[in-house]
Amino acid sequence: MGGWAIAVHGGAGVDPNLPPQRQEEAKQLLTRCLNLGISALRSNLPAIDVVELVVRELETDPLFNSGRGSSLTEKGTVEMEASIMDGPNRRCGAVSGVTTVKNPISLARLVMDKSPHSYLAFSGAEEFARKQGVELVDNEYFITPENVGMLKLAKEANAILFDYRIPTAGYESCGAGVESPLQMNGLPISVYAPETVGCVVVDGQGRCAAATSTGGLMNKMTGRIGDSPLIGAGTYACDVCGVSCTGEGEAIIRGTLAREVAAVMEYKGLGLQDAVDFVIKERLDDGKAGLIAVSKSGEVAYGFNSNGMFRGCATEDGFMEVGIWE
């Protein structure tokens, strides 16, 4: 065993003009979450408990797009999704379309531990949450004034925005009549900057786990499901590695990105960082995304082909890094 390792992300695709204060806030949150996970690992919590703990913290803080502060649907409501996977025996749980669950990642954990299923969505997920006694809140709890403003911008631009953190200045011309160099599922979009959250951990016993949570796209169609709750796409863990993805969900789904990292490690014999680099280069086509990963031997890696990714990582030997850009 190579000791424990942990990585967190707050999304790939960052506005290059993001104000320094916002960058610092993001780094502070990532550092806080890393330290939370490190403390848990030093207390010998298993990897699956650590990823849930860290993602709960990210969901509770409104800075990134998950839990409180999630992006809004075209109807101005929040529909969240999350998934979690335990590498040993490849146990998993996922939820979509939840609107009142304060911490969707913990509901995904309950799907894994307390139900005969792997994935529950919309009214079924909400009913399961009530039966399990998880903390519920009104949908308004998740909505911030900033998100309301970004939804207004998106509607005026007649566009789906990948994220709500982009300053409005300079985007007045974005809209259906403006040719966009970026596409989502073959159709043009106006702005790209997702901020899903995730965590991957390998504990001191070599057990890998992964967790991912998001509010999805700003101005998305009601009922849209992205990559974050899909095992093998946005989240994957096995006895080889744990992976959490972020970015253009439709491209991540098509590339089964998270599982692909494990696959090239298993079948091509690549090391963790080489596997991450290969998948980012060869499996995204024209999509923009990023991912974080850990291996059973205590390695940590990340990769992205967007202009930045909020991320942090640490290992038992004292290495720690928090960054946004290349």
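These values consider heavy atoms only, across backbone and side chains, with no hydrogens, waters or symmetry-generated copies.
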Using a distance-only test with no angle check, is there a side-chain donor-acceptor pair under 3.5 angstrom linking Thr212 and Thr235?
yes

Under 3.5 Å, side chain of Arg22 to main-chain N/O of Pro20, donor-acceptor pair present?
no

Taking atom CG as the centre, does Asn89 end up with more than 12 heavy-atom neighbours from other residues, nucleotides or ligands that are less than 6.0 angstrom away?
no

State the OG-CZ distance between Ser83 and Arg109, to the nearest 0.5 angstrom.
13.5 Å

Ionic contact status for Lys288 with Glu248, cut-off 4.0 Å
no

Nearest heavy-atom pair of Trp4 and Gly204: which atoms, and what distance?
CB-N, 4.0 Å

Nearest 0.5 angstrom please: Leu58 CG to His9 NE2, how far?
9.0 Å

Distance check, rounded to the nearest 0.5 Å: Met85 atom CE versus Ser118 atom OG?
8.5 Å

Test your reading of the model: is there a side-chain donor-acceptor pair from Thr144 to the backbone of Asn147, 3.5 Å cut-off?
yes

Assess, by modelled atom type and distance only, whether the side chains of Tyr236 and Ser244 contain a donor and an acceptor separated by less than 3.5 Å.
no

Quick one, Val243 with Ile292, criterion side chain to side chain contact (heavy atoms under 4.5 Å, CB included). Give me CA distance, side-chain angles, the key distance, then yes/no.
CA-CA 6 Å; Val243 184; Ile292 54 174; over 6 Å; no

Hey, is Lys220 close enough to Glu74 for a salt bridge, meaning N to O under 4.0 Å?
no

Membership question, hydrophobic clusters at under 4.5 Å side-chain separation (ILVMFWY): are Ile252 and Val261 in the same one?
yes

When rounded to the nearest 0.5 Å, the distance separating NZ of Lys102 from CG of Leu107 is 15.0 Å

Let's go through Arg207 and Val202 carefully: what are the C-alpha distance in whole Å and the side-chain angles of both, what is the deciding distance for side chain to side chain contact (heavy atoms under 4.5 Å, CB included) to 0.1 Å, and is it a yes or a no?
CA-CA 5 Å; Arg207 298 172 297 196; Val202 58; 6.0 Å; no

With Ser106, which of Arg56, Glu135, Gln132 fulfils side-chain hydrogen bond (donor to acceptor under 3.5 Å, both in side chains)?
Arg56

Non-neighbouring partners of Arg91 that pass salt bridge (charged side-chain N to carboxylate O under 4.0 Å, His left out), sequence neighbours left out:
Asp86, Asp113

Checking side-chain polar atoms at under 3.5 Å, does Glu79 have a donor or acceptor matched by the opposite partner on Thr99?
no

Side chain to side chain contact (heavy atoms under 4.5 Å, CB included) for Val137 and Thr100? Distances and angles first, verdict last.
CA-CA 5 Å; Val137 293; Thr100 64; 5.6 Å; no

Please check if the side chain of Gln273 supplies one atom and the backbone of Tyr302 the other of a donor-acceptor pair under 3.5 Å.
yes

Could you measure the distance from the OG atom of Ser39 to the CG atom of Leu53? Nearest 0.5 Å is fine.
9.0 Å

same_hphob_cluster(Phe304, Leu270) at 4.5 Å side-chain heavy-atom cutoff:
no

Using a strict threshold of under 4.0 Å (side-chain N to carboxylate O), is an ion pair present between Glu260 and Lys268?
no

Between the main-chain N or O of Gly216 and the side-chain N or O of Asn65, is there a donor-acceptor pair closer than 3.5 Å?
yes

Under 3.5 Å donor-acceptor, Ser115 side chain and His117 backbone:
yes

Going hydrophobic residue to hydrophobic residue with side-chain gaps under 4.5 angstrom, can you get from Met150 over to Val78?
yes

Hey, is the main chain of Lys27 close enough, under 3.5 Å, to the side chain of Thr31 for a donor-acceptor pair?
yes

Pair Glu126 + Lys131, salt bridge at N-O below 4.0 Å:
no

side-chain hydrogen bond (donor to acceptor under 3.5 Å, both in side chains) partners for Ser213, two or more places apart:
Glu59

Would you call Arg254 and Glu250 a salt bridge, using N to O less than 4.0 angstrom?
no

Answer yes or no: is there a donor N or O on one side and an acceptor on the other, between the side chain of Asn307 and the main chain of Val14, under 3.5 Å?
yes

Within the 3.5 Å criterion, strictly below it, is a donor on Ser297 or Glu299 matched to an acceptor on the partner's side chain?
yes

So, Thr214 versus Ser228: side-chain donor-acceptor pair below 3.5 Å or not?
no

Backbone N/O of Gln205 and side chain of Asp203: donor-acceptor pair under 3.5 Å:
yes

If you group Ile, Leu, Val, Met, Phe, Trp and Tyr by side-chain heavy-atom gaps below 4.5 Å, do Val294 and Val50 land in one group?
no

Pairing donors with acceptors under 3.5 angstrom, does anything connect the side chains of Tyr119 and Glu81?
no

Is a side-chain N or O of Asn17 found less than 3.5 angstrom from the main chain of Pro19, in a donor-acceptor match?
no

Do side-chain atoms of Arg311 reach the backbone of Ile324 as a donor and acceptor pair under 3.5 angstrom?
yes

Residues Asp61, Arg32: salt bridge by 4.0 Å N-O rule:
yes

Nearest heavy-atom contact between Ala293 and Val276 is CB-CG2, 4.0 Å

With hydrophobic residues grouped by side-chain heavy-atom distances under 4.5 Å, do Ile105 and Leu29 end up in a single group?
yes

